[in-house]
Protein chains: 2
Amino acid sequence: MSLKDVALHAGVSVKTVSNVVNDFPHVTEAMRARVQRSIDELGYRPNLTARHLRKGRTGIVALALPELGNPYFAELAAEIVDAAAAHDYTVLLDHTGGRREREILVSQGFRTRVIDGLILSPIELEAEDLEERAEQVPVVLLGEREYDLPYDHIAIDNVAAAREAVRHLLSLGRRNVAFLGARRGSSRPARLRLLGWRAALDEAGLVADDRLIAATDGWGYADGAAAMAGLLDAGHRPDAVFAYNDLIAIGAMRVLHERGLRIPEDVAVVGFDDVVEGRFSAVTLTSVSPDKAFIARQAVESVLSRLGGARHEARRIHAGHSLVCRESTLGRA
Amino acid sequence: MSLKDVALHAGVSVKTVSNVVNDFPHVTEAMRARVQRSIDELGYRPNLTARHLRKGRTGIVALALPELGNPYFAELAAEIVDAAAAHDYTVLLDHTGGRREREILVSQGFRTRVIDGLILSPIELEAEDLEERAEQVPVVLLGEREYDLPYDHIAIDNVAAAREAVRHLLSLGRRNVAFLGARRGSSRPARLRLLGWRAALDEAGLVADDRLIAATDGWGYADGAAAMAGLLDAGHRPDAVFAYNDLIAIGAMRVLHERGLRIPEDVAVVGFDDVVEGRFSAVTLTSVSPDKAFIARQAVESVLSRLGGARHEARRIHAGHSLVCRESTLGRA
DNA sequence: CCCGGGATTTCCATCGTTATACGCGGTCCG
DNA sequence: CGGACCGCGTATAACGATGGAAATCCCGGG
């Protein structure tokens with residue numbers, strides 16, 4: 001069921017059928033109708049693989065995220081799928097687990113040439129890994145990590161957002177604000193949010209107490225719970241917690257609840273990402289809300305705009321954010 | 001940078017390079033080494049698009065899920081991506097929003113011929129929609145909906161699972177067990193879990209009270225919250241809730257909490273899916289836990305096994321499940 | 001009546017890879 | 001010593017679609 005079959009059936013040449021399929025201008029109405037009838041009759045559908053081979057484009061962009069299980073990334077993926085669909089593009093999904101080796105694999109194009117572009121949210125990837133990229137498909141980076149590389153990068157202003165979050169806690173009179181979610185072993189991820197945390201404390205004339213920075217292995221509920229338990233077990237009792245993300249925050253809240261500490265009376269909690277989970281926890285979660293739809297749209301547009309080989313300057317695009325205040329800081333209304 | 005370039009560089013024919021790349025048996029060591037050196041030197045990577053055109057396979061399976069935002073589907077997607085990777089397959093992701101039109105679109109192969117197979121989790125799709133499928137790529141169905149169609153179908157025994165869940169509630173002495181999450185307007189989804197609910201009540205000699213069945217528009221937190229609020233506002237005060245899924249259950253718990261009802265003392269709650277969220281809510285959630293890894297593995301293997309056009313009988317594959325009891329029914333340990 | 005010229009349609013090469021058929025030495029056997 | 005056979009490589013034709021050149025058609029004008 002190829003162009004050839006249709007051509008045979010309609011008694012015309014292959015190219016004429018192709019012209020009809022592609023809406024070429026110079027085709028008579030009569031001819032168009034005749035070919036179209038054959039197409040309908042045979043139920044012809046173009047073979048995209050062949051088309052892509054010829055055109056050099058596949059209509060597929062890859063999206064590589066650390067963890068689909070994290071609702072922030074799941075929500076973002078959903079938005080990106082929609083944004084890509086608006087441009088007739090499809091999304092090929094991969095998750096890296098935030099592991100450097102997998103991130104390298106993805107960035108080097110292990111799906112060789114079936115994708116037109118890559119949207120990558122790196123965690124442990126280093127700049128040198130990206131420099132080695134032999135692939136020539138355009139890349140767009142998402143997320144907190146910053147690289148001095150000629151790739152577009154889309155993220156919210158993490159420092160500012162973190163600072164606002166901590167300011168909010170300080171404005172409530174809290175003085176011992178813990179930070180949950182610095183990556184254990186590696187100083188790079190979470191760096192910007194930690195900077196924001198420090199900045200807010202500094203400008204309030206407080207000393208940032210490094211013992212209130214709790215490292216985690218990952219960024220899930222369990223990590224947040226473990227980090228919170230670790231802090232409390234070590235005898236530190238912050239009166240507020242700023243978490244790297246909502247999952248960590250919710251995990252921490254669970255532990256606070258178990259230990260009989262009230263939220264926000266004893267400990268106020270702020271998360272990051274504004275995932276839907278935080279709106280339905282027993283104590284709803286105050287959180288930094290990034291403009292996910294904007295990020296998704298920008299990511300897709302940015303990667304597609306580079307397709308033609310357009311070599312415009314690498315851009316750092318800041319998405320908007322806002323602090324959504326809920327019960328975990330304000331208490332029950 | 002194609003086979004031709006490598007062939008030129010190595011001074012051999014294109015096919016010989018191809019033979020080396022594909023590990024064909026009859027190539028001398030010397031020749032293999034020589035070609036391999038050229039390959040390495042030029043950094044050649046095969047063009048999968050062309051290979052797929054020739055072979056008729058793309059190495060891609062599509063996965064169509066209702067909502068990535070639902071952690072159950074996100075977790076399942078992650079498992080499927082991994083399971084596919086184990087077979088050197090990649091996953092093309094789509095979400096249907098559970099809307100019939102999008103499900104039809106997906107099932108009719110709008111990604112014409114770039115995919116080798118489709119794993120579909122339908123919500124509103126009807127049997128007739130699938131009968132009209134002109135596409136010849138194999139399909140595997142996931143989830144609760146049942147169709148009398150020649151496609152493999154992988155799901156847990158929803159009736160049995162629901163019955164166990166409700167039995168558990170009854171064993172705790174509860175008598176008024178509400179069901180949250182019957183789809184408003186359509187009787188099909190949730191049918192099996194409702195059957196299980198009824199069966200458990202029947203076998204306990206209780207009368208299923210239809211007023212305790214709460215319909216929802218979707219299956220998110222907000223829907224659960226709305227359904228629970230609706231029941232309470234209508235003056236019904238069940239002493240237990242069995243929810244269609246965990247999100248609905250958590251949304252319901254949030255409302256119970258707002259209304260000052262204690263879980264599980266006043267109202268016990270059981271969910272379905274065992275998503276990680278339920279393990280970190282203030283009151284951890286008792287839930288039916290489907291064997292996601294098995295479902296993912298089976299789905300991938302099933303769809304790939306049909307590739308050769310093997311026309312073996314359509315199978316109904318039951319994945320395992322278990323009831324994980326937590327605080328929302330047993331209370332704080 | 002024939003020709004120019006624009007509008008249509010056809011022909012051919014091409015994208016990168018793999019399958020098929022064959023050529024070319026050499027070896028083995030009768 | 002000649003022919004069948006084997007192992008290794010090469011040439012060539014697909015796969016299905018598209019872009020550009022070439023061929024054809026149709027009309028009015030000279």
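Not measured: the values here are computed from a predicted model. In what follows, every chain begins at residue 1, and chains take the letters A, B, ... in the order their sequences are listed.
A/Leu65 approaches A/Phe73 most closely through the heavy-atom pair CD1-O, 3.6 Å. Here the closest non-hydrogen pair linking B/Ser305 and B/Ser302 is OG-O, 2.9 Å.
Distances shorter than 4.0 Å separate none of the side-chain N or O atoms of B/Arg54 from OP1 or OP2 on C/dG16. Distances shorter than 4.0 Å separate none of the side-chain N or O atoms of A/Asn47 from OP1 or OP2 on D/dC15. Contact check, A/Arg51 against D/dG16: no side-chain N or O comes under 4.0 Å of OP1 or OP2.
Residues forming a side chain to side chain donor-acceptor pair (under 3.5 Å) with B/Glu126 (at least two apart in sequence, or on another chain): none. Take B/Arg100 and apply the salt bridge (Lys or Arg N to Asp or Glu O under 4.0 Å) test, not counting sequence neighbours, and it matches B/Glu128, B/Asp129. Legend: residues meeting salt bridge (Lys or Arg N to Asp or Glu O under 4.0 Å) with A/Arg315, ordered by chain and number and at least two apart, are A/Asp152. With sequence neighbours excluded, no residue satisfies salt bridge (Lys or Arg N to Asp or Glu O under 4.0 Å) with A/Lys15. A/Glu41 is linked by a side chain to side chain donor-acceptor pair (under 3.5 Å) to A/His9, counting only residues two or more places apart in sequence or in another chain. A search for side-chain contact (heavy atoms from CB on, under 4.5 Å) contacts involving B/Gln298 returns B/Ile154, B/Phe294, B/Glu301, B/Ile317, not counting sequence neighbours.
Remark on the helix from C/dC1-D/dG30 to C/dG30-D/dC1: inter-end axis angle 80°, axes from five-pair C1' superpositions, rounded to 10°.
Within the structure, salt bridge (charged side-chain N to carboxylate O under 4.0 Å, His left out) contacts touching residues 26-38 of chain B (residues at least two apart or in different chains) are B/Asp23-B/Arg32, B/Glu29-B/Arg32. Residue pairs meeting the salt bridge (charged side-chain N to carboxylate O under 4.0 Å, His left out) criterion with at least one member in residues 68-87 of chain A, sequence neighbours excluded, are A/Glu75-A/Lys292.
Here CZ of B/Arg54 is found 14.0 Å from OG1 of A/Thr49. Values are rounded to the nearest 0.5 Å. Taking CD1 of A/Ile123 as the reference point, atom CZ of A/Arg99 lies at 12.5 Å (rounded to 0.5 Å).
Between B/Leu3 atom CG and C/dT17 atom C1' the separation is 6 Å, expressed in whole Å. For the pair B/Asn22 CG and D/dG9 P, the computed distance is 15 Å after rounding to whole Å. Between the NZ atom of B/Lys55 and the C1' atom of D/dA14 there is a distance of 15 Å, rounded to whole Å. Whole-Å rounding puts the B/Arg45 CZ to C/dG16 C1' distance at 15 Å.
Within residues 5-19 of chain A, the residues having any heavy atom under 4.0 Å from DNA chain D are, by residue number, A/Val14, A/Lys15, A/Ser18. Contacts between residues 23-32 of chain B and DNA chain D, defined by a heavy-atom separation under 4.0 Å, are made by B/His26, B/Val27, B/Thr28, B/Met31. Of the residues in residues 33-41 of chain A, none lies under 4.0 Å from DNA chain D by heavy-atom distance.
For the side-chain contact (heavy atoms from CB on, under 4.5 Å) with B/Asp116, the lone residue among B/Arg306, B/His52, B/Arg57 that qualifies is B/Arg57.
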